[in-house]
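To keep things clear, I will list the structure first and then write my remarks on it.
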2 protein chains.
Amino acid sequence: MPDNHRTPIQTIQKRSLHDQAVEQIRDLIIEGHLEPGHRIDEAALTTELGISRTPFREALRTLAAEGLIEIRPSRGSRVRKLSTEEVHGLLELQAHLESLAGRLACERATDAEIAGLLDLHDRMIVLYEARDRLPYYKLNQEFHTRLAEAAGNSVLAETQRSLQARLKRIRFIGNRRPDFWSAAVHEHAEMAEALRARDGSRLAETMERHLKNTWDRVRNVISSEDR
Amino acid sequence: MPDNHRTPIQTIQKRSLHDQAVEQIRDLIIEGHLEPGHRIDEAALTTELGISRTPFREALRTLAAEGLIEIRPSRGSRVRKLSTEEVHGLLELQAHLESLAGRLACERATDAEIAGLLDLHDRMIVLYEARDRLPYYKLNQEFHTRLAEAAGNSVLAETQRSLQARLKRIRFIGNRRPDFWSAAVHEHAEMAEALRARDGSRLAETMERHLKNTWDRVRNVISSEDR
DNA sequence: TTTATGTATTTTGTATACAAACGGAGCGAC
DNA sequence: GTCGCTCCGTTTGTATACAAAATACATAAA
């Protein structure tokens, strides 16, 4: 009997210490274990990760290019602290970018991709109804990422991913207030509908509005904890 | 007698070997001294630059994050070769981005910034009439960059710069045909006019069209030298 | 008490040394 | 001839050593 259901082939890939370090440090930042503005202690982190400074410092260069940390010559690296203006700038750009992504996805996505997105959306609704915040948040991120991927423009997808990473911590805060969360869910429902109908203009418009509103939701929260 | 006319104080800034290496290698790539798809010979380049491999390899990580080179684990780095699809993707994204930049610049730019851009445009016209292609090209790049900066969104400006760097070599090709160049100049004149009137919608529309047309101009050229 | 100056300690930047992985050349089996 | 193997030179990845710079600290002068 042939194995029709064998697991899909996974290309085996070499992972250098650099790559692993990038991921680990990125996660530490995104998940808030390394606080914004806080200095990055090379000695401590290298021993913690069990690697030497060479791949570690290369990882810092990568993360600096991604905008997650900043390196000041001879005075160390620190987790980048986003000013209110930068958060606004990031969301403004993301709104515009995902609006494009939405339009293109309606034109170019395969039916399977759209079905996948709609399924994702359904699962988000279930989680919302259970008020299961963290898993909802994760699916939400995935939804936006996969929508960008469905637009058939790899540079766009890559840029979206980068912006999203930089905003990740901040956006998590945005859904804390129940009414904010509910509004976001409504917008997502609208997005799903437009996607189902492959209505590019409407999806584009909704995406843009959704992210503009996200800024309003987020701004409320960060204004209190601002420097 | 007090020195009222002493030269203004210039903050002394430290430039690590890393930073210098990034710039140098980036220029080598952009100016075509390192060919796309070609392997990067660490030994040769480090001796050429007179530095050791450590800062050099950090520079490679930075450039990889910028999308100019690609690093394949254990098999070296090479100058990234753009496929036709990627060029299209880059220009599609840039079109959308600069459209936003145009709209925002009309809202937020200072009068001085606008005057500066218009002056730039005038100088471009002079160069066009002299058919002085390289200087024209450089001012053109500067125009797009400074327009993005005038939008008052640092992330947008940064992203624009990154996309532009990746496309730099390719776009230089685009203006080779006289009729193409002439069309581009016409579009620029329209942009200048919209800018002068601070007509955001019109500038946005023109920017987008300009870059869409750029794709058409470029596509003609790269299709012949494609892999 | 404050400010300045010199010294010790830590941290960062760069070079180098070594280990591991890759990529061919040559050789033999089929 | 093609495939597979082994060996060897080369390139890449990582650790470490050393140099340079910045920071912290202590002491002395105002």
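The figures that follow rest on heavy atoms only: side chains count, while hydrogens, waters and symmetry mates do not. Chain letters run A, B, ... following the sequence lines, proteins first and then strands; every chain starts at 1.
One atom, CD of Glu42(A), and another, C1' of dA21(D), lie 14 Å apart when rounded to the nearest Å. For Phe56(A) and dT14(C), the CZ to P distance is 17 Å, given to the nearest whole Å. The CZ-C1' distance, from Arg78(B) to dG23(C), rounds to 13 Å in whole Å. At whole-Å resolution of the value, CG in Asp19(B) and C1' in dT12(C) are 14 Å apart. The CG atom of Leu45(A) sits 11 Å away from the P atom of dT12(C) (whole-angstrom rounding). Between the P atom of dT12(C) and the CD atom of Glu58(B) lies a distance of 13 Å, rounded to the nearest Å. One atom, CZ of Arg53(A), and another, P of dA19(D), lie 15 Å apart when rounded to the nearest Å. Taking atom CD1 of residue Ile51(A) and atom P of nucleotide dT16(D), one finds them 12 Å apart after rounding to whole Å.
Counting any heavy atom pair closer than 4.0 Å across all strands shown, Arg15(B) reaches no nucleic acid atom.
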Quiz item: Step by step, would you call His144(B) with Glu98(B) a side-chain contact (heavy atoms from CB on, under 4.5 Å)?
Solution: CA-CA 8 Å; His144(B) 284 268; Glu98(B) 296 206 13; 2.5 Å; yes
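A heavy atom closer than 4.0 Å to some atom of DNA chain D occurs in Pro73(B), Ser74(B), Gly76(B), these being the qualifying members of residues 63-76 of chain B.
In this structure a side-chain-to-backbone donor-acceptor pair under 3.5 Å is present from Arg78(B) to Gly37(B). Checking side-chain atoms of Asn153(A) against main-chain N and O of Leu156(A) turns up a donor-acceptor pair under 3.5 Å. Looking only at distances, a side-chain donor or acceptor of Thr159(A) sits under 3.5 Å from a matching main-chain atom of Val155(A). With Gln20(B) contributing its side chain and Arg15(B) its backbone, the two residues share a donor-acceptor pair below 3.5 Å.
Between Ser52(B) and dA15(C), a side-chain N or O to OP1/OP2 separation shorter than 4.0 Å is present. The shortest distance between the side-chain N/O atoms of Arg39(A) and the OP1/OP2 oxygens of dT12(C) is below 4.0 Å.
Between Glu85(A) and Arg108(B) there is no salt bridge, since no side-chain nitrogen of the basic residue lies less than 4.0 Å from a carboxylate oxygen of the acidic one. Asp216(B) and Lys212(B) are not joined by a salt bridge, as no carboxylate oxygen comes within less than 4.0 angstrom of a charged side-chain nitrogen.
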